[in-house]
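Heads up: the structure comes next, in structure tokens.
Because the structure is a prediction, the values reported are computed rather than measured.
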Amino acid sequence: MILANLSVPLLGLVDTAILGHLSDSRYLSAVAISTSLLAFLYWGFGFLRMGTTGASAQLLHKPQDANALLVKAAALSLLIAAFIWLGGIALSNIGLRLMNTPASLIELAQSYLHIRLFSAPAVLCTYVIVGWLIGRQQTRWPLVIAVATNGVNIALDYVFIVGLDMSSDGAALASAISEYCGLAIGLWAVRDALIATLGHGLRRSWQYGPALKQLLNSNVHLFIRTAALLFSFAFFTAQGASFGQATLAANAILLQLMLVSAYGMDGFAHAAEALIGEAFAQGRRDALLKIVVCCARYCLATALGASLLLWLGERQVLNLMTDIEAVRNIASGHYAWLIVLPLLCAPSYLLDGVFIGALKTEAMQWTMLASVILIYLPVWLLSKDLGNHGLWLSFCAFNLARSVSLGALLKPAILKPLN
């Protein structure tokens, strides 16, 4: 899962690096704005992955119910994708203006968005497939899906952006095509489950597994939690845009670098989801603490390693990401925030996995809302005079608050049955 996860931000780094070496920073800035909006449309429904993982893990030894879960979740994902496609195209201009998008970037950002929206069915259905496979503890397939998808994307990036000079539109087209390639591989990975479900007949299979209404209800908390998280990223990008085009581009580079460490640490969170879910379903409460401690030990080591590598490789990394001097100077001036972020974020990433596996999603919702409303926004208001440094301070405080609040609820929500 670490290898699969790392391929996702590495793709973003390739996109950023290629666009960052074009003569005009407008293309990188337009993609930074657009991807923040896409995060709301796509990642906002990340509960399709998370909720499916927890439910699949708890049905590990009930294959017929697990197969029915896959079909129901996939059907739900396609329904949501249809609304995203239609609504996203209709409302894209409004969304871009709410993001404080400069007039010079509106046309580029809107074109990027419209191309990427065509891949909504592929993105959301792949979420379900990957979540189901993780819950079944079949983590090699998610690695294959991620590496193949991102490999195709990187190759097409080079063809469309460098070879055909399509700039940000080329990046969008490369992503859309590769996402459908990922879906095709995912469908092949779960073919046995789909064939078994069709063999029993859809109507009969629909009676197994969790009811669709129950599936929706259990994911409401995850949706609210994810929407609040995405608001924090979108707010960060929008405020960065108000400091100018170069600052917006520099922040986009630093956030992409942060995601590399985040996705790496998420590998242990995914392991916790599958293992905690299985332990809960089987009533093995004595195993819960051992799983948490084991995953936490490795997650902390990964965070320390990420911070160390970021610290040692600052000059090389920034030179690789862009040769626009103004953007590189701003990124370097804010690089210290990036170095501390993995250590602040690591506990929250791991604990997200623990709470998802146990399907204790209401706690995730309230801790996220509290971190945004009581910490992130107040710290930003109090530190506005610090400019972009104040924005990074509030973002770091927000991530620390997530870690502390989830840690405070770990014992009463997850480990209490051990007493």
Side-chain angles (χ1 to χ4, degrees), residues 9-36 96 99-109 111-112 154 157-158 160-172 174 233-262 306-342 383-396:
L10 286 177
L11 167 65
L13 283 175
V14 171
D15 283 347
T16 302
I18 293 176
L19 293 170
H21 283 283
L22 297 180
S23 59
D24 194 333
S25 65
R26 288 187 312 134
Y27 301 115
L28 177 57
S29 300
V31 170
I33 290 279
S34 301
T35 50
S36 292
L96 289 172
M99 291 287 292
N100 293 331
T101 307
S104 61
L105 302 181
I106 287 285
E107 186 177 348
L108 286 173
S111 178
Y112 180 93
I154 289 169
D157 268 345
Y158 187 82
F160 293 147
I161 299 174
V162 179
L164 300 178
D165 196 25
M166 294 177 66
S167 61
S168 51
D169 281 354
F233 278 92
F235 182 83
F236 184 92
T237 301
Q239 295 307 313
S242 68
F243 296 128
Q245 187 172 298
T247 299
L248 172 61
N251 283 350
I253 289 173
L254 294 178
L255 282 179
Q256 284 294 338
L257 291 170
M258 185 205 78
L259 288 175
V260 174
S261 62
S307 291
L308 179 62
L309 289 174
L310 288 170
W311 175 53
L312 294 175
E314 175 182 350
R315 179 178 299 179
Q316 294 85 347
V317 167
L318 293 182
N319 287 341
L320 178 65
M321 296 306 296
T322 182
D323 54 11
I324 301 173
E325 193 66 26
V327 174
R328 193 160 51 203
N329 288 339
I330 293 172
S332 179
H334 295 80
Y335 199 84
W337 296 110
L338 178 65
I339 293 173
V340 302
L341 264 174
S383 61
K384 287 182 69 174
D385 292 342
L386 298 176
N388 199 45
H389 281 289
L391 184 60
W392 276 99
L393 173 63
S394 62
F395 188 70
C396 287

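Summarising the geometry, atom NE2 belonging to H334 is positioned 13.0 Å from atom CD1 belonging to I253; distances are rounded to the nearest 0.5 Å. Separating the OG atom in S242 from the CG atom in L248 is a distance of 9.5 Å, to the nearest 0.5 Å. For the atom pair S332 OG and L338 CG, the distance stands at 11.0 Å (nearest 0.5 Å).
Taking 4.5 Å as the limit, every side-chain heavy atom of Q239 sits out of range of all side-chain heavy atoms of F395. L254 is not listed as a side-chain neighbour of L341, based on a closest heavy-atom distance of 4.5 Å or more.
The nearest pair of heavy atoms linking I330 to A250 is CG2-CB, 3.6 Å. Closest approach of G240 to N251, counting heavy atoms only: CA-ND2, 3.8 Å. Taking both residues in full, the closest heavy atoms of C396 and W337 are given as SG-CE3, 3.7 Å, listed atom of the first, atom of the second, then distance. Heavy atoms only, all atoms of each residue included: D157 and A174 are closest at OD1-CB, 3.5 Å. Taking every heavy atom of both residues into account, H389 and G333 meet most closely at CE1-O, 3.2 Å. P342 approaches L310 most closely through the heavy-atom pair CG-CD1, 4.2 Å.
Here the side chain of T237 pairs a donor or acceptor atom with the backbone of F233 at under 3.5 angstrom. Of the possible donor and acceptor atoms, one in the side chain of S307 sits under 3.5 Å from a partner among the backbone N and O of I339.
Using bins of under 30°, 30° to 60° and over 60° for the plane-to-plane angle, the ring pair W392/F236 lands in the perpendicular bin.
Enclosure of atom OH in Y158 is not indicated, since only 12 or fewer non-hydrogen atoms of other residues, nucleotides or ligands lie within 6.0 angstrom.
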